[in-house]
There are 2 protein chains.
Amino acid sequence: MAATIKDIAKQLNISVSTVSYALNGGPRSVPDDIRESVLRVAKELNYRPNRVARSMVTGKSDTIGVVPPEVTDNVFLSPYLHLALNGIINEAGRQHQDVLLFTRCSEVDRDELASILVDGRVDGVIFIAPHFSEKSVELAASLHSPCATVSGVPLDGVLSFSVDNESGVASAMGHLYGLGHRKIAHIAGRLDMQDALVRLQAYQAFLRNHHISYREEWVGMGQFTIDGGRRAMAQLLTLPEPPTAVFCANDEMALGALFEAHSRQVRVPEDISIVGFDMTPGSENVYPGLTTVRQPIGELSAAAVRALKALIDGKEPQEPTVFQTELIIRQSTTCPKEHKS
Amino acid sequence: MAATIKDIAKQLNISVSTVSYALNGGPRSVPDDIRESVLRVAKELNYRPNRVARSMVTGKSDTIGVVPPEVTDNVFLSPYLHLALNGIINEAGRQHQDVLLFTRCSEVDRDELASILVDGRVDGVIFIAPHFSEKSVELAASLHSPCATVSGVPLDGVLSFSVDNESGVASAMGHLYGLGHRKIAHIAGRLDMQDALVRLQAYQAFLRNHHISYREEWVGMGQFTIDGGRRAMAQLLTLPEPPTAVFCANDEMALGALFEAHSRQVRVPEDISIVGFDMTPGSENVYPGLTTVRQPIGELSAAAVRALKALIDGKEPQEPTVFQTELIIRQSTTCPKEHKS
DNA sequence: GAAGGGTTGAGAAACGTTTCGGAGAACCAG
DNA sequence: CTGGTTCTCCGAAACGTTTCTCAACCCTTC
């Protein structure tokens, strides 16, 4: 039985509109004495404005929605999603927005996913690393509801924030190449995701540019997971001619590769060098520390929130933004054996 | 300009109530032919129900709120909060609930925090590890809105989920004691949080029960953070008589302690043993692997969601639930030096 | 003292749903 | 044919806000 604006009005024998104006410093002024008594009675009755009712009228909710790439158990354990979500939350707080997490996208069909985008509970939506097959981004764009993607395909009507994968991959591969590696394998992520595909292509482009022939058996599919990385590494290590270095499309697969190497008594980096991508917290404290490509996931996500908020506020949509990466050299990479002695 | 129920009614020349019944399989039946045409037109018009309006009438939102212990930048980077949030999201999805993250608790006063609890956007709230000073839990309880705490103080009218800290601490301390350690220090967490306080007390109780005298200088304050753990460890290591083992109230502080030991050329576990608490993912892959006390944070949080949902659905409130811990012995603990040779 | 402007506050509409009350039609049993 | 039950479906109320319209009043100013 929460108190409403009507209760206040009744108690003071004034109209609800006056109460509303007083409470909000509303579009109209009210005399000081009335305002004070309204505030007093509001406090007495323990009045709390009902945000749902307000949303109903204003059409605003001060809440932004976040759609994960998929909804399976423990998606949010992914370090990438973790960093992205953290960045979103940080910035959302600053922008005075709450965050609504959609947890039910998988069990409903795409149509319904679209419905949650426009059901009035959020002012805008951020899609984190959507799959190519995910139609809801286009749907959201076609509904003209403010939306943004983090690491998605740039699309008309959608704010887009991504990282310069090409130069990131080039720096990682260049590092290995510079150390003398020529037998460089790649463990790719889920190819139905933008980052994975682009990184694979950039890997291939690097080989081409450096006149190294592309060998299909040196590309493993790691699905962006630790286990996937392990399996892919296992395959690579049992090849008749194994590579001397592995570039992984994210840190989790790199960790998996590292663990697989450990369990097969293959030394890292002496026997094989490993490079990751993302610079997740977990890449730092393993043994040996993982050489990786830092991408500013948090900043990228925060920028998405900022731009989304601006769009919601009626500003002009921001152009697609590409963030730069940075190579972080740690202990998991060194010269190939043949080169050394 | 989203289509509404009215548009459907107008197009078919029937009343909105009939449309609503048809759409919802509502409390009343409608003839099959009408239902079908309603569904058809709804599809044609791309109709999406407005959840806000529905909430308004039904008073339900199918959304549960999550309140972090505090809102500062990067709170959600905390592995504890990460695991808790992940557990909540997993279970919320299963219970067909979305998750609203409150990002704005710090800048508003407690009163306002309470207001977001009952502003109609959520059906219930989960407080994760609230501080003692946090009045909003009591406030929420007094407002009779469904709420739960994870690792909070048990309180009337609040569902409570926590872990058996006493036995967890006893198993960790017992492990060190069994290895021969008698000089056991403790790095405590934020003492304005339930878990930290109880673990400190359990540490003291263990010493008492084993007739080891309590030494104040062997208790460091680590604030539950890596940096705090580092600083506390630095102090312990510069003591005239340093301890041979350190029991930390969480894994992050244990990692901090580990790193500090590394940087001072103090070997772990040969020179000093370290035990953590939580079994966060980060504790596994460091060198040496961290002995720790596993607490099922995810399950605990999931249970909170389940119980909260049941309460929202009008079931009887579940009794406070205490989860058991499990000692995970890895490589960061061994016998003290004096004992060995 | 009348015209005009500004201030004040009451009343009501609107947002999009759900669901109740009840009117009319159809059907059945007596 | 009558009385009761069941089926249809319309109209309207309700949820709690925000904000518009409009009337009443007060104060200038000519």
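In what follows, every chain begins at residue 1, and chains take the letters A, B, ... in the order their sequences are listed.
Atom CZ of R121(A) and atom C1' of dT17(C) are 15 Å apart (whole Å). If you take CG of D32(A) and P of dG9(C), they are 11 Å apart, rounded to a whole angstrom. dC10(D) atom C1' lies 14 Å from atom CD1 of I5(B), rounded to whole Å. In this structure, the CZ atom of R51(A) is 12 Å from the P atom of dT17(D), given to the nearest Å. In this structure, CG of D7(A) is placed 11 Å from P of dC15(D), rounded to the nearest angstrom. Across the protein-nucleic acid pair, I34(B) atom CD1 and dC7(D) atom P stand 15 Å apart, rounded to whole Å. The distance between atom CG of L45(B) and atom C1' of dG16(C), rounded to the nearest whole Å, is 15 Å. We find that CZ of R28(A) is positioned 11 Å from P of dG9(C), with the value rounded to whole Å.
A close approach under 4.0 Å does occur between a side-chain nitrogen or oxygen of N24(A) and OP1 or OP2 of dT18(D). The side chain of T18(A) places an N or O atom within less than 4.0 Å of a non-bridging phosphate oxygen (OP1 or OP2) of dA10(C). Between dA10(C) and S15(A), a contact under 4.0 Å exists linking OP1 or OP2 to a side-chain N or O. Using a 4.0 Å cut-off, some side-chain N or O of Y47(A) falls inside it from OP1 or OP2 of dT17(D). For S20(B), a side-chain nitrogen or oxygen approaches OP1 or OP2 of dT18(C) to under 4.0 Å.
In terms of position along DNA chain D, the nucleotide closest to S29(B) lies nearer the 5' end than the nucleotide closest to the other residue of the pair S29(B) and M56(B). Closest-nucleotide positions on DNA chain D for D33(B) and T58(A) were compared, and the one nearer the 5' end corresponds to D33(B).
Rounding to the nearest 0.5 Å gives a distance of 10.0 Å between OG1 of T18(A) and CD1 of I5(A).
Classification of the F323(A)-F161(A) ring pair by plane angle, with boundaries at 30° and 60°, yields tilted.
Residue D98(A) comes nearest to F102(B) through the heavy atom pair OD1-CA, 3.5 Å, listed as atom of the first residue, atom of the second, then distance.
With hydrogens and angles ignored, no donor-acceptor pair closer than 3.5 Å exists between the side chain of Y21(B) and the base of dC10(D).
Comment: R306(A) does not engage E299(A) in a salt bridge, judged by the lack of any side-chain N to carboxylate O separation of less than 4.0 angstrom.
Between N46(A) and R48(A), the side chains place a donor N or O and an acceptor N or O closer than 3.5 Å (distance only, hydrogens not considered).
Checking dT17(D), dG16(C), dG9(C) against the side-chain heavy atoms of N50(A) singles out dT17(D) as nearest.
S17(A) comes within 4.0 angstrom of a nucleotide base, judged by non-hydrogen atoms across all strands.
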